[in-house]
Protein chains: 2
Amino acid sequence: MNPTIKDVAKYANVSIATVSRIVNGLPGYTEDTKKKVQEAIEALGYQPNAIARGLINKRTQTIGVLFPEVSGMLSSEVLEGVENAAHDGGFSVIVCNTTSSGKRTVKYLRLLQEKRVDGIIFASENVKEEYYKIFQEMQVPVVLVSTASQFNLPFVRVDDYEGAFRATEYLIQKGHKQIGMIGGSFEDPIAGVPRMKGFQDALEKHGLDFTDQQMTSNEGYRFQNGKESLPLLLDKLPLMTAVFAASDEMAIGAMAAAHQLGIRVPEELSIIGYDNLKIAEMCYPALTTVSQPLKEMGQSAGEILVKLIKGKEKEAESRYMPFTIVERQSVRDLRKK
Amino acid sequence: MNPTIKDVAKYANVSIATVSRIVNGLPGYTEDTKKKVQEAIEALGYQPNAIARGLINKRTQTIGVLFPEVSGMLSSEVLEGVENAAHDGGFSVIVCNTTSSGKRTVKYLRLLQEKRVDGIIFASENVKEEYYKIFQEMQVPVVLVSTASQFNLPFVRVDDYEGAFRATEYLIQKGHKQIGMIGGSFEDPIAGVPRMKGFQDALEKHGLDFTDQQMTSNEGYRFQNGKESLPLLLDKLPLMTAVFAASDEMAIGAMAAAHQLGIRVPEELSIIGYDNLKIAEMCYPALTTVSQPLKEMGQSAGEILVKLIKGKEKEAESRYMPFTIVERQSVRDLRKK
DNA sequence: ATGAAAGCGCTAACAT
DNA sequence: ATGTTAGCGCTTTCAT
């Protein structure tokens with residue numbers, strides 16, 4: 001077995017209280033005993049037991065992070081940010097893959113409760129009433145990433161409406177007039193509705209008519225959704241010169257469909273995405289897209305959570321992160337030449 | 001505060017021992033008291049404290065997973081598999097992002113030791129002597145994913161030599177004779193050397209000369225590495241008709257370089273990758289590649305670890321996972337017209 | 001069938 | 001400056 005504080009105390013001929021003080025950097029001992037104890041620790045290879053500590057301190061120095069899909073490219077970048085911030089703040093992170101299932105989410109929440117995590121980061125999904133109740137029960141701080149909620153929970157995200165609005169304006173500024181959108185779900189209050197609304201409003205602001213003929217809606221935001229959507233859109237809007245896709249995966253799916261149909265991007269069809277995943281710069285042509293600073297968002301959420309846990313903050317600050325449009329090769333400027 | 005076992009006992013008018021028995025499904029009580037206690041639990045919303053349990057049971061039901069880069073596309077798929085297996089086995093997983101730094105790795109290992117995790121999964125990196133010593137100290141099972149080691153540690157991985165050999169043969173069977181390779185590092189005993197050796201041996205087996213002119217080596221396996229490697233290779237091997245890249249990211253980087261140089265893939269240049277990341281089917285043209293079953297590997301490693309922890313297995317079984325070559329559009333068959 | 005009590009490894013209040 | 005002791009919430013003998 002691992003040596004305990006008792007063993008160290010015995011070895012160094014002091015009481016366990018003294019060892020504890022030295023280990024925790026509290027005052028109350030001579031340099032001499034300190035050295036003795038440190039030697040004992042060294043000799044025995046003593047490691048304080050975080051479990052015992054947690055029991056008494058009511059602090060586990062651990063947070064839980066819930067993702068609908070941990071292997072998603074979006075999640076994995078956010079996770080890296082969270083992990084980084086947590087680690088810097090002295091916390092470990094337990095990952096939970098909810099697979100967007102309510103049951104699994106509740107199960108995980110209960111688990112995190114039993115494990116007495118000090119805080120929770122909830123990502124990319126809607127906060128159901130049921131979850132919120134558990135949050136309250138748990139009495140630990142919660143911060144949302146890439147989501148908002150009807151409840152009073154701090155969040156870190158970008159303004160989806162604004163991002164979509166600007167993406168659309170970008171296309172318009174490049175001279176496009178027949179613009180289609182590959183949208184998400186009308187049920188989705190985060191990545192779905194706001195992005196579609198932003199698209200529509202930008203069009204109208206610039207005097208371009210909007211009819212629902214120029215938009216498809218999708219259950220998910222995957223490659224396949226985008227790939228299937230493009231032909232549909234082309235059908236309804238044959239003169240379309242540009243597409244705004246509500247996610248990079250969909251944008252790249254649309255690109256694949258275009259390739260298949262023999263439509264050249266960006267010469268014949270411009271495409272702009274949303275997210276700025278790593279793949280955006282790897283595909284051909286490199287994708288112009290609305291960049292969400294995913295890692296920074298995770299980092300930021302982690303930092304806020306840590307502050308909240310340490311009680312430095314009383315009320316939670318939410319943060320809107322800045323998005324940018326990163327220009328690559330998938331959009332053609334119609335005004336030139 | 002959360003109610004404790006004491007509260008439940010008081011509420012139900014029994015001793016804490018009885019509550020404990022009921023909660024843990026041990027024998028020794030009447031149906032009647034069981035009901036009473038369950039009602040108390042329900043009424044109070046009691047959740048057993050996993051920390052207290054861990055202290056006494058010496059089991060935390062938690063495992064640690066170390067990745068060089070959690071946001072890597074490779075890691076994230078493996079992680080999903082691990083998390084899945086762990087969860088099924090009743091374990092939570094703590095993720096650690098080592099950033100390939102030895103110091104950070106050691107720090108994390110110490111942390112996991114303090115947190116008394118029940119087991120460790122170590123991914124995609126070389127096991128240094130220093131790490132191995134800590135493993136031994138910790139006295140917990142360890143399983144390697146996508147790595148092997150000089151030590152007697154169970155691993156789950158595919159045979160890199162074999163995979164590279166087959167990829168090269170595939171190219172040869174398609175009629176290619178001038179084949180280049182974008183390789184990894186000679187310092188890397190996993191993804192580096194074996195894949196390069198496999199390439200070389202396949203060439204020689206089929207009577208094609210091998211000179212180091214037809215290979216580049218790289219520090220990393222990223223998009224940029226591949227992108228920079230292709231022109232170098234083309235320089236040395238102007239008649240090259242096919243490239244084998246030691247990773248999908250590099251393959252896609254090579255593709256990007258080819259596009260830039262006006263070389264058409266696969267018409268003028270065939271490319272085969274290694275990994276089968278999600279991007280492989282999203283890029284254009286879709287990438288033919290050696291598929292590693294990443295999620296399954298993670299899952300498998302998780303399962304082995306759980307078995308080891310539960311003591312069902314005495315000695316660790318290592319597993320070579322089967323790879324397959326998934327044919328998409330990036331390789332041209334030279335034999336057909 | 002049930003309860004009392006010891007103790008897991010630690011911290012913190014209270015002596016000395 | 002150092003030690004003694006009472007828990008933290010639980011499991012597990014050992015009695016009854």
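Within every chain, numbering begins at 1; the chains are lettered A, B, ... in the order of the sequence lines, protein sequences first and strands thereafter. Computed from a prediction, not measured in an experiment: that's the story for all the values here.
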* Please work out if B:I51 contacts a base, only the sugar-phosphate, or nothing of the nucleic acid, heavy-atom cut-off 4.0 Å. =>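 If one applies the 4.0 Å heavy-atom cut-off, B:I51 turns out to touch nothing in the nucleic acid.
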Side-chain N or O of [X] versus OP1/OP2 of [N]: is the shortest distance under 4.0 Å?
{"X": "A:T33", "N": "D:dA1", "result": "no"}
{"X": "A:K58", "N": "C:dT11", "result": "no"}
{"X": "A:S20", "N": "C:dC10", "result": "no"}
{"X": "B:T18", "N": "C:dG3", "result": "yes"}
{"X": "B:N24", "N": "D:dT11", "result": "yes"}
{"X": "B:S15", "N": "C:dG3", "result": "yes"}
{"X": "B:R53", "N": "D:dG9", "result": "no"}

Would you kindly give the [atom1]-to-[atom2] distance between [X] and [N], to the nearest whole Å?
{"X": "A:I56", "N": "D:dA6", "atom1": "CD1", "atom2": "C1'", "value": "9 Å"}
{"X": "A:N57", "N": "C:dA12", "atom1": "CG", "atom2": "C1'", "value": "10 Å"}
{"X": "A:I5", "N": "D:dT4", "atom1": "CD1", "atom2": "P", "value": "14 Å"}
{"X": "B:I22", "N": "D:dT12", "atom1": "CD1", "atom2": "C1'", "value": "16 Å"}
{"X": "A:K6", "N": "C:dA6", "atom1": "NZ", "atom2": "P", "value": "13 Å"}
{"X": "B:K10", "N": "C:dG3", "atom1": "NZ", "atom2": "C1'", "value": "16 Å"}

* Asked: Within a strict 4.5 Å, meaning less than it, do heavy atoms of the A:Y132 and A:L153 side chains meet?
  ->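 Side chain of A:Y132 against side chain of A:L153, heavy atoms only: contact under 4.5 Å found.
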* To do: Any chance you could lay out the salt bridge (charged side-chain N to carboxylate O under 4.0 Å, His left out) test for A:K278 and A:E77, step after step, and finish with the verdict?
  => CA-CA 9 Å; A:K278 287 179 185 169; A:E77 293 197 43; 5.1 Å; no
* Taking atom types as modelled, find out whether B:E42 and B:Q38 have a side-chain donor-acceptor pair closer than 3.5 angstrom. =>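 Their side chains do not contain a donor-acceptor pair, so the 3.5 Å distance test is not met.
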* Asked: Can B:Y131 and B:N126 be counted as having a side-chain donor-acceptor contact under 3.5 angstrom?
  ->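 Judged by distance alone, the side chains do not pair up.
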* Which nucleotide in the list C:dC8, C:dC10, D:dC10 gets nearest to the side chain of A:P48? ->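 For the A:P48 side chain, the nearest candidate turns out to be C:dC10.
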* Asked: So, A:F135 versus A:F151, ring centres under 6.0 angstrom or not?
  ->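 When the ring centroids of A:F135 and A:F151 are compared, they turn out to be at least 6.0 Å apart.
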* With no angle test and no hydrogens, is the base of C:dG3 tied to the side chain of B:R21 by a donor-acceptor pair under 3.5 Å? ->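 Answer yes: a donor N or O sits under 3.5 Å from an acceptor.
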